[in-house]
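Please read the structure below before turning to the comments.
Below, chains carry the letters A, B, ... as their sequence lines are ordered, and counting in each starts from 1.
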There are 2 protein chains.
Amino acid sequence: MSTPAAAAAGPEDNWLRLDSQICFSLQAASRAFNGVYRVILKDLGLTYPQYLVMLVLWEEGELPVKKLGEHLRLDSGTLSPLLKRLESAGLVRRERSARDERSVEVRLTEEGTALRERAVRVPRRIVAATGLDLAEIGELRERLDQLTTALDTAARQEELGDAR
Amino acid sequence: MSTPAAAAAGPEDNWLRLDSQICFSLQAASRAFNGVYRVILKDLGLTYPQYLVMLVLWEEGELPVKKLGEHLRLDSGTLSPLLKRLESAGLVRRERSARDERSVEVRLTEEGTALRERAVRVPRRIVAATGLDLAEIGELRERLDQLTTALDTAARQEELGDAR
DNA sequence: CACAACTCAGTTGTGCACAACTAAATGGCT
DNA sequence: AGCCATTTAGTTGTGCACAACTGAGTTGTG
């Protein structure tokens, strides 16, 4: 009872702590990843989200902002300024689609395509930084994807339940 | 060879994909958590990082900004504006320490202490949203903490290795 | 005492995430 | 053709993360 706020530790308090631990651990891991990427991607002049965009473009060739957002689970509010920065860095071009004037096609420039050569060494360093082998990574990834699905579903239901 | 960028798929490309999957899965899970918290914490008028700060304060009573940052792995650049918002919401007070004028003590107001009563129901809903039992959560948490440690170590070493 | 090294909070600037909104274009419908 | 719901980017505003820096305060050393 030395600290007033910590008084009356009931069974609910154990929940309080456990909860903070799982989400906190997750965010800590996410930020730690970000830190490693920051260091490794500095040479390429990319941030981590920009790197993800480039990964998709290197795989898909060219595609509209909408599709890009679906791949990365990001909306235009995040992608528009990000893509502008990539464009002013000379890595991509953005052009209104001729078929559908609402749509903007994002495609790689020569420079953007060339950057791929320097990026292929990144993943190996990242995997090494995790200290895990491929099987462990796959397993963890699967758990996380399940968790994400469960959380997304729950969030939708909470929102509906909140329709007061 | 239909899409130029995806041509010449060598062994390096598998790495490229795997890599993006593990970090991407992690970030997706982190954002999904954020989404659930956003919905659940809306009633309390807190964002998720603000909730974390309150959790620490409810447990520790009062403490300087520095200690708070150590608990949460956040620096003053993040905490200062966040704490100002909590202060203007009437949940905390910030006072220069008398013993050490450099330090700022953060402590709960009556209102901030009272909010705890309404927050105790949050963790149960979060755990329910994950669809996991406590053992699974503990296991996943442990894996993530190990991963974070490995990544932090690697980032430090990469930075040193970058001392070119 | 004087002075250098350090500590701590705060500020500034950049970039990301997301909600809410705007505006243009599209396509279906009558 | 005219109308309207939908789709698509973009803009604005809020909040967080972090690097780099400032400036006040503290501590150790000669």
Side-chain angles (χ1 to χ4, degrees), chain A residues 23-24 27-39 41-42 45-53 63-70 72-89 92 94-106 152 155 159 162, chain B residues 23-24 27-39 41-42 45-53 63-70 72-89 92 94-106 152 155 159 162:
Chain A
C23 61
F24 186 73
Q27 187 155 341
S30 181
R31 283 190 299 176
F33 250 119
N34 235 299
V36 175
Y37 272 107
R38 200 190 330 273
V39 175
L41 292 177
K42 198 166 52 183
L46 294 176
T47 66
Y48 171 57
Q50 289 168 4
Y51 170 70
L52 289 183
V53 167
L63 73 180
V65 174
K66 183 64 188 300
K67 293 286 181 190
L68 199 52
E70 285 169 5
L72 300 171
R73 294 167 143 263
L74 295 173
D75 68 1
S76 64
T78 300
L79 285 176
S80 287
L82 188 157
L83 291 172
K84 279 188 185 174
R85 281 187 283 271
L86 285 182
E87 186 172 43
S88 67
V92 307
R94 296 178 305 140
E95 298 166 353
R96 287 275 163 195
S97 165
R99 293 192 324 282
D100 185 343
E101 290 282 342
R102 293 169 304 180
S103 179
V104 168
E105 296 282 333
V106 182
D152 281 346
E159 262 171 358
D162 256 350
Chain B
C23 62
F24 186 73
Q27 188 155 341
S30 182
R31 282 190 301 175
F33 250 119
N34 234 299
V36 175
Y37 272 108
R38 200 192 328 275
V39 174
L41 292 176
K42 199 167 53 182
L46 295 175
T47 66
Y48 172 56
Q50 290 168 2
Y51 171 71
L52 289 183
V53 167
L63 73 180
V65 174
K66 183 66 187 300
K67 293 286 182 191
L68 200 52
E70 286 170 4
L72 300 171
R73 295 167 142 264
L74 295 174
D75 68 0
S76 64
T78 300
L79 285 177
S80 287
L82 189 157
L83 291 172
K84 279 188 184 176
R85 282 186 283 272
L86 285 181
E87 186 171 43
S88 66
V92 307
R94 296 178 305 138
E95 296 166 356
R96 287 275 163 195
S97 164
R99 293 192 325 282
D100 185 343
E101 289 283 341
R102 294 169 304 179
S103 178
V104 168
E105 296 282 335
V106 182
D152 281 346
E159 262 171 358
D162 258 350

With the threshold set at 4.0 Å, does a side-chain nitrogen-carboxylate oxygen contact exist between B:Lys66 and B:Asp100?
no
(message) If the cut-off is 4.0 Å, is B:Lys84 near the phosphate of C:dT11, judged by side-chain N/O to OP1 or OP2?
(response) yes
Looking only at heavy atoms, the pair that brings A:Arg94 and A:Leu83 closest together is CD-CB, 3.8 Å
Practice problem: Identify whether any heavy atom of A:Pro81 sits under 4.0 Å from a base atom; if not, whether one sits that close to sugar-phosphate; answer base, sugar-phosphate or nothing. | Solution: nothing
- Item | side-chain N/O B:Gln27 vs C:dC16 OP1/OP2, d < 4.0 Å | no
Rounded to whole Å, CG of A:Leu82 lies from P of D:dG10 at a distance of 12 Å
If pairing means Watson-Crick or G-U wobble with both distances under 3.5 Å, then the partner of D:dC3 is C:dG28
Discussion item. Under 4.0 Å from OP1 or OP2 of D:dT11: is there any side-chain N or O of A:Ser80 that close?
Written reply: no
Below the 4.0 Å mark, does C:dC16 have OP1 or OP2 next to a side-chain nitrogen or oxygen of A:Thr47? yes
Separation of D:dG15 atom C1' from B:Leu79 atom CG, nearest Å, is 13 Å
* Asked: Yes or no on side-chain contact (heavy atoms from CB on, under 4.5 Å) for A:Val53 and A:Leu79, after CA distance, side-chain angles and deciding distance?
  -> CA-CA 9 Å; A:Val53 167; A:Leu79 285 176; 4.2 Å; yes
Determine whether A:Phe24 and B:Leu72 satisfy the following criterion, side-chain contact (heavy atoms from CB on, under 4.5 Å), listing intermediate values before the conclusion.
CA-CA 8 Å; A:Phe24 186 73; B:Leu72 300 171; 4.1 Å; yes
Notebook entry, point to check: Does A:Arg94 place a side-chain N or O at less than 4.0 Å from the phosphate oxygens OP1/OP2 of D:dG10?
Noted result: yes
Taken to the nearest whole Å, CG/A:Asp75 to C1'/C:dC18 is 6 Å
A:Glu101 CD to D:dA9 C1', in whole Å, measures 12 Å
Between CG of A:Asn34 and P of D:dA19 the distance, given in whole Å, is 10 Å
Rounded to whole Å, the CG-P distance (A:Leu74 to C:dA19) equals 12 Å
By nearest-nucleotide position on DNA chain D, the 5'-leaning member of A:Arg96 and A:Arg38 is A:Arg96
Item to complete: Go through the steps for A:Leu74 and A:Leu52 under the test side-chain contact (heavy atoms from CB on, under 4.5 Å), then give the verdict.
Response: CA-CA 11 Å; A:Leu74 295 173; A:Leu52 289 183; over 6 Å; no
Margin query: Taking the side chain as everything from C-beta on, heavy atoms only, tell me whether B:Cys23 gets closer than 4.5 Å to B:Gln27.
Written below: no
Return no unless some side-chain N or O of A:Arg31 is found under 4.0 Å from OP1 or OP2 of D:dC18. yes
Separation of D:dT7 atom P from A:Lys66 atom NZ, nearest Å, is 7 Å
Check if the side chain of B:Arg102 and the base of C:dT7 share a donor-acceptor pair of N or O atoms closer than 3.5 Å. yes
| task | Check whether any side-chain N or O of A:Ser76 sits under 4.0 Å from OP1 or OP2 of D:dA9, and answer yes or no. | result | no
A:Arg99 atom CZ is separated from C:dA25 atom C1', nearest whole Å, by 14 Å
Comparing nearest nucleotides in DNA chain C, the 5'-proximal residue of the pair A:Gln50, A:Asp100 is A:Gln50
**Prompt:** With sugar-phosphate meaning primed atoms plus P, OP1 and OP2, does B:Ser103 contact a base, only sugar-phosphate, or nothing at under 4.0 Å between heavy atoms?
**Reply:** sugar-phosphate
Testing C:dA9, D:dA9, C:dA17 for proximity to the side chain of A:Pro49, the answer is C:dA17
